[in-house]
Trainee: 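What follows is a single structure, and I will ask about it in a moment.
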Amino acid sequence: MSLALFIEQLLNGVQFGLMLFLMSAGLTLVFGVMGLINLAHGSLYMIGAFFCAAAAAATGSFWLGLVAGLAAAAAAGAIIEITVIRRLYDRDHLDQVLATFALILILSEGVRMIFGPFPLYLNVPDSLRGTIDLGITQYSLYRLTLIGFGIAVAVGLWLLIARTRLGIRIRAGENDREMIAALGVNIRVLYTVVFALGAALAGLAGALVGAIQSVQVGMGEPVLILAFVVIVIGGIGSIKGAMVGALMVGVIDTMGRFLLPRFFATFLEPSQAMGVGAALASMLIYVLMALVLVLRPKGLFPAHA
Amino acid sequence: MKMKATLVSGLVALSFGASAAQADTVTIGMITTLSGGGAGLGVDVRDGFQLALEQAGNADIRLVVEDDAQRPETAVQIAERMIQSERADILTGIIWSNLAMAVVPSVVAQDIFYISPNAGPSPLAGANCHPNYFNAAWQNDTLHEAAGQTANEQGYTNTFIMAPNYPAGTDALNGFKRYYQGELAGELFTQVGQTDYAAEIAQIRASGADSVFIFLPGGMGISFVRQYEQSGVDLPIISAGFSFDQDVLPAMGSAALGVINTGQWSPDLNNDTNIAFVADFQEAYGRLPSIYASQGFDTANLILSALNTAEVSDQDAFRDALRAAEFDSVRGSFAFASNHHPIHRIYVREVVEVDGALTNRIIGTAFEDDYRDIHGENCSM
């Protein structure tokens with residue numbers, strides 16, 4: 001195994017982790033501020049990708065598509081919050097899970113009715129095609145851009161929460177809902193804004209990743225499961241935890257898929273090693289989650305410590 | 001996700017209560033994938049199947065379609081429901097081999113016929129073959145064996161091979177290796193439904209391979225090909241037709257151009273049945289048919305041909321009628337081997353652009369008309 005391959009895999013892991021962060025940030029924010037479990041978060045990811053693909057096909061510009069995907073996901077988020085989610089804040093988590101699971105079915109079927117059952121075409125913008133020479137290894141320019149996007153959003157989110165009035169209200173909402181309502185903050189509007197922000201982040205991730213993956217109905221569900229793993233590891237409600245958890249999951253998953261079959265190949269037959277390695281690699285992040293739950297039941301960075 | 005569509009052909013719907021008419025009605029239950037990343041495959045099988053039924057205009061056939069969402073447990077439940085409450089005589093439709101392995105053995109054991117329009121896992125062609133199980137598409141290994149053969153002809157000597165970790169993926173790699181004579185630069189199993197292939201592409205880059213063989217049906221193939229194009233790895237891809245057919249080509253775009261793949265069918269196949277099928281399918285659905293649509297069409301015509309000569313209630317006669325396979329296949333020639341899997345020709349195809357749309361055209365033949373799968377040797381029928 002060469003250093004170049006190792007570095008490339010590390011970059012792949014970081015890129016994967018940062019895209020997971022975009023997904024889990026919204027999920028954890030919504031849970032932290034509103035105490036809501038939103039299973040339909042993956043559907044917002046799908047909406048972002050589909051509207052990006054449709055707008056990019058219509059205008060010929062990926063960047064316009066990206067804006068459209070972001071806007072569509074944010075708008076869908078706001079509409080969903082106002083029509084459905086708002087009624088769920090006082091209910092217990094089981095009701096929330098049931099209602100948001102219903103939303104998954106409705107949104108998936110809706111997207112299929114609008115866009116059809118076949119995957120859509122969405123390609124990387126011309127300016128970001130091909131690879132860039134990093135000295136030790138060639139790396140996809142688009143994946144490098146995804147890393148840049150991920151870092152920029154993380155910094156932006158930190159500035160928003162730590163430095164702005166809205167951020168103060170979000171943090172206050174996490175700590176004591178009744179009190180900030182009593183202080184005259186319009187909690188309804190705040191909730192809608194936070195939910196739309198989370199939806200926009202999911203839509204952004206969907207649109208960005210859609211360009212190198214299949215834009216298809218149900219594309220959000222596998223990512224949603226990973227995003228839940230991330231926020232359980234990171235500590236539910238914590239943005240910092242989501243960042244650390246996402247990077248851990250991204251890097252460990254990528255490295256596991258790459259290294260485990262090689263490890264088993266040192267003492268097993270190649271085809272057997274490949275089977276065992278692949279099977280174990282797909283379990284690795286869940287093993288990690290179980291370990292974290294045993295050692296730190298509230299996650300690495302519990303929001304309400 | 002739970003979509004149920006019931007198509008009642010002819011006027012059967014009006015004949016409730018008329019017990020004589022009910023008794024003569026044949027119910028075909030179709031369990032297929034209509035949602036998620038594999039939806040394109042199931043939709044095409046269904047549409048091809050329905051096209052054949054509509055053309056036949058047989059008013060005694062009732063088709064019940066349900067979505068398995070690519071989940072084995074759902075498929076098992078639907079199969080039970082179709083047998084118990086819909087009183088299905090024949091089941092068909094399953095796309096994925098892991099679902100077929102969960103459903104088919106128990107279905108055929110209950111004296112129901114199962115005619116596969118797609119999945120052909122090796123156990124069902126070999127040791128676990130069954131008189132009531134027929135496969136109208138192919139045995140899983142077939143197209144991959146043809147790809148291995150084609151890799152030899154292309155002069156590839158160091159191929160990197162990759163497939164998802166499920167029964168059809170294992171069959172794919174085994175099939176390829178059975179005919180391929182060169183060295184393997186690497187061998188990988190990925191997850192079913194995996195969407196990111198960066199880790200795999202990095203290993204392909206580092207492996208020193210001269211070519212890549214993949215079996216990644218549905219959305220998996222789209223994701224891989226898009227990411228492969230962006231990775232700067234420029235090795236030729238060879239594959240079975242599943243990963244490069246009409247269900248995914250529009251979404252792959254130019255990245256798929258020139259890929260060599262194998263298939264028992266191609267849209268440009270020059271026989272009267274196929275020319276009519278391609279034209280009729282385009283007229284009915286407004287898109288080009290895929291290899292899956294052709295299989296759905298063949299499956300329906302096989303069933304129709306058997307129903308013309310035998311009652312499904314007379315199981316032995318119906319089985320013989322199926323075995324005779326007296327229908328016009330879009331493949332040109334079609335016959336059943338003793339294990340109820342097809343004997344047919346396998347073509348080599350290339351992805352080309354025709355009038356702005358990506359499609360396949362035949363560039364050669366991998367196996368001649370007498371090809372049959374290797375697993376039949378282990379079948380006691």
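The shown structure was predicted, so the numbers you read here are calculated from the model rather than taken from an experiment. Proteins come first, then strands; the chains are lettered A, B, ... in the order of their sequence lines, and each starts at number 1. Reckoned from all heavy atoms, side chains included, excluding hydrogens, waters and symmetry mates.
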Trainee: Against chain B, work out which of Val124(A), Val209(A), Val223(A) has the most heavy-atom pairs shorter than 4.5 Å and name it.
Mentor: Val124(A)
Trainee: Working to the nearest 0.5 Å, report the span between OG1 of Thr254(A) and CD of Glu200(B).
Mentor: 9.0 Å
Trainee: Shorter than 4.5 Å, heavy atoms on both sides: which option in Gly219(B), Gly232(B), Gly42(B), Ala206(B) has the most such pairs with chain A?
Mentor: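 Counting heavy-atom pairs under 4.5 Å, the top option is Gly219(B).
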Trainee: Looking only at atom types and distance, does a side-chain atom of Arg129(A) sit under 3.5 Å from a main-chain N or O of Glu229(B), one as donor and one as acceptor?
Mentor: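 No: the side chain of Arg129(A) does not pair with the backbone of Glu229(B).
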Trainee: Sort Asn165(B) into side chain, backbone, both or neither according to what part of it lies under 4.5 angstrom from a heavy atom of chain A.
Mentor: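 Just the side chain, heavy atoms under 4.5 Å.
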Trainee: Give, as side chain, backbone, both or neither, the part of Met220(B) having an atom under 4.5 angstrom from any heavy atom of chain A.
Mentor: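 No part of it gets close to chain A.
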Trainee: Could you tell me the separation between the CE atom of Met274(A) and the CD1 atom of Ile161(B), rounded to the nearest 0.5 Å?
Mentor: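 Reported value, rounded in 0.5 Å steps: 7.0 Å.
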Trainee: Can you tell me how far the CG atom of Leu141(A) sits from the OG atom of Ser231(B), to the nearest 0.5 Å?
Mentor: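 Nearest 0.5 Å value for the CG-OG distance: 13.0 Å.
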Trainee: Do other residues, nucleotides or ligands put more than 12 heavy atoms under 6.0 Å from Phe213(B) CZ?
Mentor: yes
Trainee: Could you tell me if the side chain of Arg257(A) sits less than 4.5 Å from the side chain of Gln194(B), heavy atoms only?
Mentor: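 Sidechains of Arg257(A) and Gln194(B): in contact.
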Trainee: Is chain B contacted by the side chain of Leu128(A), its backbone, both, or neither, given a heavy-atom distance below 4.5 Å?
Mentor: backbone
Trainee: Heavy-atom pairs under 4.5 Å with chain B - which of Ala4(A), Gly218(A), Pro222(A), Gly130(A) has more of them than the others?
Mentor: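 Of the candidates given, the most pairs with chain B belong to Gly130(A).
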Trainee: With a 4.5 angstrom heavy-atom cut-off, which part of Gln138(A) approaches chain B: side chain, backbone, both or neither?
Mentor: both
Trainee: In terms of heavy-atom pairs under 4.5 Å, which option from Ala198(B), Gly40(B), Gly193(B) contacts chain A the most?
Mentor: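 If we count pairs closer than 4.5 Å to chain A, Ala198(B) comes out on top.
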Trainee: Donor-acceptor check, side chain of Gln9(A) to backbone of Ala199(B), threshold 3.5 angstrom: yes or no?
Mentor: yes
Trainee: Asp196(B) versus Gln15(A): any side-chain heavy-atom pair under 4.5 Å?
Mentor: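 Touching, per the 4.5 Å side-chain cut-off.
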Trainee: When you measure from the side chain of Arg226(B) to the backbone of Tyr121(A), do you find a donor-acceptor pair of N or O atoms at a distance under 3.5 Å?
Mentor: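 Judged by distance alone, no pair lies under 3.5 Å.
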Trainee: Working to the nearest 0.5 angstrom, can you tell me the gap between Asp234(B) CG and Thr131(A) OG1?
Mentor: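 So the gap between those two atoms works out to 10.5 Å.
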Trainee: Given that the side chain runs from C-beta out, which part of Gln213(A) has a heavy atom under 4.5 Å from chain B: side chain, backbone, both or neither?
Mentor: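 Both parts, backbone and side chain.
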Trainee: Of the backbone (N, CA, C, O) and the side chain (C-beta and beyond), which part of Gln203(B) lies under 4.5 Å from a heavy atom of chain A, both, or neither?
Mentor: both
Trainee: For Thr195(B), is it the side chain, the backbone, both or neither that has a heavy atom under 4.5 Å from a heavy atom of chain A?
Mentor: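 For Thr195(B), heavy atoms of backbone and side chain both lie under 4.5 Å from chain A.
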Trainee: Between Arg287(B) and Phe118(A), is there a side-chain heavy-atom distance shorter than 4.5 Å?
Mentor: yes
Trainee: Are the side chain of Arg112(A) and the backbone of Leu34(B) linked by a donor-acceptor contact shorter than 3.5 Å?
Mentor: yes
Trainee: Between the side chains of Arg143(A) and Gln227(B), is a donor N or O closer than 3.5 angstrom to an acceptor N or O?
Mentor: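 Side chains of Arg143(A) and Gln227(B): pair found under 3.5 Å.
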